[in-house]
Amino acid sequence: MKGAGNGVKDVVRAAMRQTAAQVRPEELAPLYLAPREVRYPSEADDPITEAGQEPGAHRRRPSPSGRSDRRSLSRPLAAFGAAAAILAVIGASVAAATKLEHDRRADLATSTSTPAAGLSAAPPRYVVEIVPPPGRRTDATLHAVVIDSQTGKVVATVNPPRPYQVFMAVTGAADDATFVLAASRWVPMPGSSAKVTGPVKFFELRLTRHRSLTTTGLRPLGLRFPDRWTGRGLALSADGTELAMAASPVGQPTHVLLRVSSLATGSVTTWTGRALIGSMPWDAKSLSWAPDDRSLAYDYDLHGGHSAVDVLDTAAGGGSLAAHSRLLLTFTGGLHPVSDADLTLDGMKVVALVRGTRPGSSRPFTDVAEYSAATGRLVSTHRLPPLPDADQWQQLLWTGRGGSVLVVGIEYNPGKPHPYPVQELRGSHLTPLPAVIGVNGQDIAW
Amino acid sequence: MTQTLRDGGAEATVAWLYRESAVSFIRLAHLILGNRAAAEDVVQDAFLGLYRRWDLLAEKDKALGYVRVSVLNGCRRTARRTRAAEPVPDYDPGPAASAELAALSMETRREVARALRSLPRRQREVLVLTYYLELSDQQIARETGIRPTTVRSTRHRALAALGRVLKERS
């Protein structure tokens, strides 16, 4: 033990950080606020509109040839960040989500997804994870590493292009080669010494395999992200041509803007509504595409602490998120989702990790729960083995065709034996991947 | 109408602030109280208080500052209650989260935690605000209601006392 002075300061600082690290974000208990009496504006009054778009107006999505009603990706979205919009959205209510649930139940009969042939039933080989550079333990800079899941080795490292300092989210297509990363940089928070992320830029990363794997570098995408908004979801379609993004104004997480951008044609379609999408800011797993590249599932919180999954028909034009979505399922029966719900690659099921408690027992269990995408009913569960530490949580990393393949894992301490490596669930058999893959970064895409 | 708009915004905003920042406040309260459950209660109370008083908050962008003051006040109330009723449990430093912290042995961390808990409440608070939140003396003075010079002298005394305690135990 060092004596008084700097030695004591260093020890105190380190001990405090260690103790504080015991409190983990995923253990945060919900805060229940008694609802107040509010006025619910109709969707037609929705003030979050793009420049030139009438409130509530629906725009047709362009044809594949891109001839009809195409919008330029370079069109500024500053209108979203305008003070008028920020003030206006305050008038909306989170309780409207409850109303939406009832409205959408009536529309439950139709199914959106079409099984697609040829989709992989095995997890992709290459994984992109956003992590701090070696030797750094802060998030002052976060780069991306490409990991070979068969060997566990880092095969490529990608740094955010200047002036960006951090990657914040990553999503991948089904080809095991196309990824999109969201990048930002730290800017001072007004009136505070703290720093927050500033403007956001999106980049495409492609992997090519000839004799060895190489990256083609980052291609900037002409997508704009409104200032002072927070990302709530990011998902690249299976064919890598459509990028879905959810965002909400800072301080108003239930006012969501969902946008689908065609990376091929540059068209943009936007929906607005009231839903708290994603469990965390920049949660790249809160959105998932069906293989038809048309149906987009998103999980969100209902007023009162319940969670639900909706499916948006992205080909039916933009406008109201509620009007173009149908309720797929709500988590009931004492099962609480502890991961984002994921639409399987064939669009037939929704998979989530759920926690519950047996009658007469206080020890929770965690199941992989599969729900029918057509009916929303729970069709199967698979009990996961208990974790070494009751405070730890599994994650759902990837779902394959039919929900028959899953990869789950937990965070671990680098340099120590992995207590629960990433595993693959096929049928009822859970087997570790050939190599130990760490899941400790800001985000990861398979 | 304005009132209605504010009401609609309060719930969403407070819920969002809680999601975004509650963990850091729980960590802060945990360090001051040395009791995880009590820390969570204090933080929940602080956010519920923010929600109840939202309409009275003149500068909404300073809501987190309000919460921090509420958390510190809540820690003081809790510390007074627990001192009279029951002992505050020891810190459990848990496994090392990084190589830097792994260099600090488990026993050393436990000693620091115990020594920290033996300090008077104000000294402990100043140390936590200085070395965990890394606030300036001016900021700590504002948060705790004491003068900056008192912050410096309190920290000096706290470090000296901590050094003595750790030396005795080693």
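So you know, we letter chains A, B, ... as the sequences are listed, proteins then strands, and number each from 1.
For the pair K9(A) and E134(B), the salt-bridge criterion is not met [side-chain N within less than 4.0 Å of a carboxylate O].
Between V23(A) and I26(B), the shortest heavy-atom distance links the atoms CG1-CG2, 3.6 Å.
Contacts between L127(B) and chain A at a heavy-atom distance below 4.5 Å involve backbone atoms as well as side-chain atoms.
The line from CZ of R13(A) to OH of Y131(B) is 6.5 Å long, rounded to the nearest 0.5 Å.
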